[in-house]
Protein chains: 2
Amino acid sequence: MPTDVLRDLLDGRWADLRRTSRELLATVEPAPPGDLESQRARTFEQLRLLADGGHALTGFPKAYGGADDVGGSVVAFEVLGFGDLSLMVKAGVQWGLFGGAVQALGTQDHHDRYLPGIMSLAIPGCFAMTETGHGSDVQHLRTTATYDAETREFVVNTPDRDARKDYIGNAARDGRMAVVFAQLVSGGEEHGVHALMVPLRDEHGQALPGVSIEDCGPKAGLNGVDNGRISFDHVRVPRTELLNRYGDVAEDGTYSSPIDGAGRRFFTMLGTLVRGRISVAGGAGSATKKALALAVRYGEERKQFTRPDGEEVVVLDYLAHQRKLLPALAKTYALHFAQEELVSALHDVQDDRGKREVESRAAGIKAVATWHATETIQVCREACGGAGYLAENLLPQLKADTDVFTTFEGDNTVLLQLVAKGLLTSYRDHVGDLDALGMVRFVADQFVGVAIERTAARAIIARLVSGGDDGLLERGWQLRQLEFRETHVLEGLARRLKRAGAGDAFEVFNAAQDHVLHAARAHVDRVVMEAFVAGVDRCSDPGVAELLGKVCDLYALSVIEGDRGWFLEHGGLTAAGSKGVTQAVNGLCGELRGRVGELVEGFGIPEVWMRVGMVG
Amino acid sequence: MPTDVLRDLLDGRWADLRRTSRELLATVEPAPPGDLESQRARTFEQLRLLADGGHALTGFPKAYGGADDVGGSVVAFEVLGFGDLSLMVKAGVQWGLFGGAVQALGTQDHHDRYLPGIMSLAIPGCFAMTETGHGSDVQHLRTTATYDAETREFVVNTPDRDARKDYIGNAARDGRMAVVFAQLVSGGEEHGVHALMVPLRDEHGQALPGVSIEDCGPKAGLNGVDNGRISFDHVRVPRTELLNRYGDVAEDGTYSSPIDGAGRRFFTMLGTLVRGRISVAGGAGSATKKALALAVRYGEERKQFTRPDGEEVVVLDYLAHQRKLLPALAKTYALHFAQEELVSALHDVQDDRGKREVESRAAGIKAVATWHATETIQVCREACGGAGYLAENLLPQLKADTDVFTTFEGDNTVLLQLVAKGLLTSYRDHVGDLDALGMVRFVADQFVGVAIERTAARAIIARLVSGGDDGLLERGWQLRQLEFRETHVLEGLARRLKRAGAGDAFEVFNAAQDHVLHAARAHVDRVVMEAFVAGVDRCSDPGVAELLGKVCDLYALSVIEGDRGWFLEHGGLTAAGSKGVTQAVNGLCGELRGRVGELVEGFGIPEVWMRVGMVG
């Protein structure tokens with residue numbers, strides 16, 4: 001069956017783990033809607049099912065019974081995206097963010113004391129970074145942790161309402177402890193943002209003295225997750241509660257760190273937490289797949305209006321309906337392969353340069369994948385008409401739950417700027433005196449950029465790019481177009497910034513912000529395309545490879561069509577060529593129409609999570 | 001104050017009614033969220049407040065205590081869009097759809113018997129048109145109303161599950177009667193779809209014998225509206241319950257109608273219901289305004305990241321943030337004026353040709369305005385980050401409630417095709433033998449097309465179009481561009497259909513469906529632009545007129561920018577000109593940045609419905 005071949009190909013490197021994760025998820029029954037408290041209670045119970053089923057073990061060290069499988073932990077999270085997204089996010093908060101921070105920023109002592117309880121859910125916890133006043137700009141958080149050498153304690157304090165920890169998952173109901181990010185002060189000196197373990201509640205669930213917790217209340221979605229606001233009124237924790245891998249305070253208050261500079265230190269710490277961002281991209285992918293599978297199943301059954309012979313037309317036979325769903329499906333495939341490649345890189349890469357590249361890719365793919373999820377799920381809802389608006393058909397919950405993905409774990413607009421700044425940094429030779437212009441602040445301050453090169457199947461891409469004709473359906477031509485755009489947009493941006501020269505650096509950079517975002521998008525599109533090409537290349541079944549090749553054509557051409565204004569402006573397409581791209585997209589929609597059912601079945605979504613009234 | 005001038009200008013022809021409607025809405029207090037039943041109960045109570053406050057009177061005949069103000073009834077509905085959208089939709093179901101159908105399709109006897117109770121809410125009712133199997137294609141509804149001459153009754157029957165009336169507002173909880181659309185059969189002959197009054201529940205709220213009502217259950221939003229599914233098992237109603245303005249059955253079963261042809265008759269009936277579609281466009285506009293006002297207020301307070309001097313930047317000072325909100329704000333202004341013009345036309349037009357034009361415009365503006373609402377509210381949510389995701393900040397409810405607007409009261413994709421088909425019909429001379437090609441079925445069957453000409457301030461538009469230079473900020477150039485596109489796309493489509501010639505008519509038309517939709521969009525964009533130009537022309541305050549002129553520039557140029565691929569393909573823009581449009585949009589964002597607060601305050605949204613935690 002092509003569907004099985006597709007599923008095996010998509011399952012990829014972590015195929016076994018995907019299978020067991022699907023089986024575990026299928027044991028968690030979808031629950032009927034309830035009020036806020038019952039949704040939260042249910043989600044916590046389901047979280048325990050996951051803990052008992054071994055979900056949490058994957059990413060933690062073998063020393064504590066885990067599998068030490070970093071990539072696998074992201075994949076297991078991604079599979080949860082086929083189920084209840086509150087459960088997915090709650091799992092991500094507990095094991096990915098909270099547990100992940102202890103693991104990445106703490107040392108042996110913290111691991112011994114906390115990891116077993118985190119893994120077993122004996123210690124439900126929070127990742128308390130974001131503040132009311134500082135979400136994207138976390139370097140300027142205002143919670144303080146001031147060392148008191150006399151008592152050998154840190155005093156954790158919230159100076160005002162703007163410095164409350166806000167939107168913190170697990171805070172309103174379940175959290176017992178939190179990893180709290182705060183400006184570290186010792187001996188009157190500031191050392192930048194560090195993380196500490198701070199207890200929040202006693203064993204009866206009562207907030208501890210000095211800790212105030214507010215409930216963020218109902219949200220658009222994800223109401224099984226108990227988000228809250230936390231304030232600390234001079235809460236004291238022992239010195240040893242500082243997660244001290246990247247910065248430590250001796251008993252006498254002396255600060256030490258293996259990394260110079262508060263900024264560089266903090267971004268190194270943040271870098272270790274990149275897994276969360278990659279996980280969100282994966283979860284967004286699963287939700288997108290589910291929405292498409294639902295809309296495709298409906299679109300293959302639903303009929304409306306008649307042909308001249310009186311026969312009713314299946315709505316997926318309409319070009320307009322294909323246009324809604326098929327390019328989105330192609331992009332979902334493309335992003336799947338890009339995600340798989342990113343997870344592999346996260347898992348394998350050890351060197352600093354490689355880590356920086358993973359961070360950049362994570363930022364770009366998270367932004368593109370989550371916007372794609374929001375847009376696609378919206379389109380799927382509309383493609384199912386009134387049925388798509390009923391809760392029983394699952395699309396409303398998918399929409400509501402995934403909406404925040406575009407702004408949490410990094411606001412997408414901010415993330416794309418990080419990507420572009422990384423790319424620009426690699427263009428410094430080009431720009432020359434960027435530093436002298438004061439531009440460096442906007443370019444490299446928050447992000448260590450690297451020249452980002454092809455990583456996916458370098459040989460095949462290089463061969464394709466250099467060879468072949470210039471037909472729209474030539475893979476080489478498609479790759480060259482995306483490469484041409486990326487290079488051209490980035491070079492133009494670098495020249496523009498240089499030209500702007502002596503002006504106010506903020507104004508110069510701000511005036512080019514749309515150009516900056518375009519550079520990032522062009523880069524991510526190329527990276528995603530190369531991953532898709534490499535994925536197709538891995539397929540050994542000729543029939544399925546041919547099918548995927550067409551899906552890849554559709555992805556490439558719909559990306560080009562979507563930005564054809566730019567290609568026309570810059571000589572990448574002639575007017576006739578541009579019209580040809582639109583015709584080719586229409587043609588591919590028609591060619592793929594008959595295969596669309598297989599393409600969504602290949603996602604392997606557990607049927608128990610696909611039960612809807614509108615189909616079947 | 002410019003804000004007052006703006007508000008008065010926007011209030012326009014029905015300024016007094018807008019003021020009293022705002023005052024009435026402000027007396028309805030926003031209520032906290034609750035479960036499904038409590039939301040429904042609350043919405044029904046609030047509906048009673050509206051009835052008692054005189055909201056319902058506007059659109060009904062003076063003979064029954066109304067004001068006979070058709071346009072005013074749409075405007076009053078639009079104002080409800082600033083408040084709870086469940087209440088707005090429930091009001092629309094009761095007085096617009098249910099009451100409107102009795103008024104438009106019934107005759108004196110029905111008006112006497114039913115209108116007073118409908119207006120006072122003594123008879124809560126449903127508009128039962130859509131069926132599970134037929135939503136857009138309502139001509140093929142399958143519920144039957146078969147006349148029994150012996151008992152002088154109609155037998156209303158649901159043949160199978162696909163023919164259940166579905167998604168019917170007021171059905172699950174409150175409705176006592178329904179206007180039921182069914183295929184009329186008399187003497188063994190079918191006469192097409194007609195509407196009848198059918199009682200649903202007794203005075204205790206129990207479903208009557210033969211009537212089965214299912215609850216559609218929770219939805220993505222609008223959960224204050226009780227949507228349900230209704231089936232009829234040979235339910236008998238007296239002959240006099242047929243709403244017989246456009247078709248009647250005599251006691252002996254003889255059918256008569258002033259209109260020949262079941263199709264033409266049905267679309268005439270549908271035409272009288274166009275007010276509902278226009279109302280949805282207006283409600284979508286109000287919701288969009290509210291979302292923008294919230295996001296702008298937040299964007300003017302929220303700071304994130306610092307300038308080189310250490311000062312934090314207000315997020316609305318970022319070009320990327322302006323790009324998210326300002327073109328959307330400009331389009332919201334444009335659509336406001338287009339809506340006002342459409343409502344005026346609905347109110348004034350008496351002749352058939354004018355009515356057909358109103359129907360076409362209603363279809364186009366409803367589609368464009370509701371998609372604009374969905375997109376803009378999404379962008380506003382994202383522009384408020386995590387705060388935008390909290391229910392207390394209102395954006396989640398706005399998003400969830402308005403989502404269905406794109407597919408109810410006419411699926412947008414279907415509506416745009418109606419617009420294009422209307423335009424094509426007016427091009428018949430051009431196409432010549434369209435009929436001979438069997439194309440006429442797809443072009444004119446469901447819609448009486450008319451040559452659609454400028455209606456807004458013909459003189460000013462004509463003067464502008466014919467004069468002036470070719471600068472991007474020249475109004476004449478902008479108008480010429482949009483006119484050029486509309487004409488060119490439509491002519492190209494007509495030629496393409498003619499060329500396709502002898503092929504299968506469905507296939508030919510389907511292969512051009514993206515072209516068809518583009519033609520409709522180009523048309524609506526031009527109509528909206530002309531209405532905006534006419535609106536600016538009506539402004540007598542020079543300062544405000546200048547401000548609105550810039551907003552109009554931003555609207556025109558962002559429309560052109562959004563489709564610059566097409567303009568480049570077809571010689572409307574050179575590469576340099578196209579880049580210039582992008583620069584001009586950026587420039588206008590910067591120029592309007594300082595006025596954006598006034599622009600949203602001009603909407604005049606009652607403050608009681610704007611209370612949020614994230615601002616102030």
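Heavy atoms only: backbone and side chains are in, while hydrogens, waters and symmetry mates are out. The sequence lines fix the lettering, A, B, ..., with proteins before strands; numbering per chain opens at 1. Quick caveat: nothing in here was measured; it's all calculated off a predicted structure.
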*Closest-packed option against chain B by number of heavy-atom pairs under 4.5 Å, given A:K399, A:K324, A:Q513*: A:Q513

*Separation of B:D514 CG from A:T582 OG1 (nearest 0.5 Å)*: 7.5 Å

*How many angstroms lie between atom CZ of B:R302 and atom OG1 of A:T132, to the nearest 0.5 angstrom?*
8.0 Å

*When rounded to the nearest 0.5 angstrom, what distance separates CZ in B:R307 from CG in A:N510?*
8.0 Å

*Among B:V516, B:V404, B:L568, single out the residue with the greatest number of heavy-atom pairs under 4.5 Å to chain A.*
B:V404

*Where does A:Q417 contact chain B at under 4.5 Å (heavy atoms): side chain, backbone, both or neither?*
neither

*Side-chain ion pair, A:E392 and B:R229, N-O less than 4.0 Å*: yes

*So what's closer than 4.5 Å to chain B heavy atoms on A:T130: side chain, backbone, both or neither?*
neither

*asked:* Tell me if the NZ atom of B:K579 is crowded by more than 12 foreign heavy atoms within 6.0 Å.
replied: yes

*asked:* Ignoring hydrogens and geometry beyond distance, is a side-chain donor-acceptor pair present between A:Q304 and B:S136 at under 3.5 Å?
replied: no

*From A:N227 CG over to B:L390 CG, what is the distance, rounded to the nearest 0.5 angstrom?*
7.5 Å

*Given the options A:P396, A:A575, A:A391, which has more heavy-atom pairs under 4.5 Å with chain B than any of the others?*
A:A391

*Against chain B, label A:V313 side chain, backbone, both or neither, depending on which of its atoms sit under 4.5 Å from a heavy atom there.*
side chain

*Partner chain A: residue of B:G133, B:G385, B:A400 with the largest heavy-atom pair count (under 4.5 Å)*: B:G133

*Do A:D403 and B:Q378 have a side chain donor and acceptor closer than 3.5 Å?*
yes

*So do the side chains of A:E382 and B:N412 get within less than 4.5 Å of each other, counting heavy atoms only?*
no

*Mind checking whether B:R381 and A:T406 have side chains closer than 4.5 Å, heavy atoms only?*
yes

*asked:* Are more than 12 heavy atoms, taken from residues, nucleotides or ligands other than B:R496, located less than 6.0 Å from that residue's CZ atom?
replied: yes

_Please identify, among A:D411, A:T413, A:L517, A:D563, the residue contributing the most non-hydrogen atom pairs under 4.5 Å to chain B._
A:T413

*Part of A:A320 lying under 4.5 Å from any heavy atom of chain B*: both

*Against chain A, work out which of B:A387, B:G217, B:C384 has the most heavy-atom pairs shorter than 4.5 Å and name it.*
B:A387

*Output the option from A:R323, A:M614, A:H134 having the highest count of non-hydrogen pairs under 4.5 Å with chain B.*
A:H134

*asked:* Please identify, among A:R564, A:E375, A:E569, A:H570, the residue contributing the most non-hydrogen atom pairs under 4.5 Å to chain B.
replied: A:E569

*Could you tell me which portion of A:A511 (side chain, backbone, both or neither) has an atom closer than 4.5 angstrom to a non-hydrogen atom of chain B?*
backbone

*Nearest 0.5 Å, what's the OH-OH distance between B:Y389 and A:Y167?*
13.0 Å

*Rounded to the nearest 0.5 Å, what's the gap from CZ on A:F506 to OG1 on B:T306? Could you check?*
10.0 Å

*Between A:L222 and chain B, which part of the residue has a heavy atom less than 4.5 Å away: side chain, backbone, both or neither?*
both

_Only pairs of heavy atoms separated by less than 4.5 Å count here; which of A:G577, A:A220, A:G34 has the most with chain B?_
A:A220

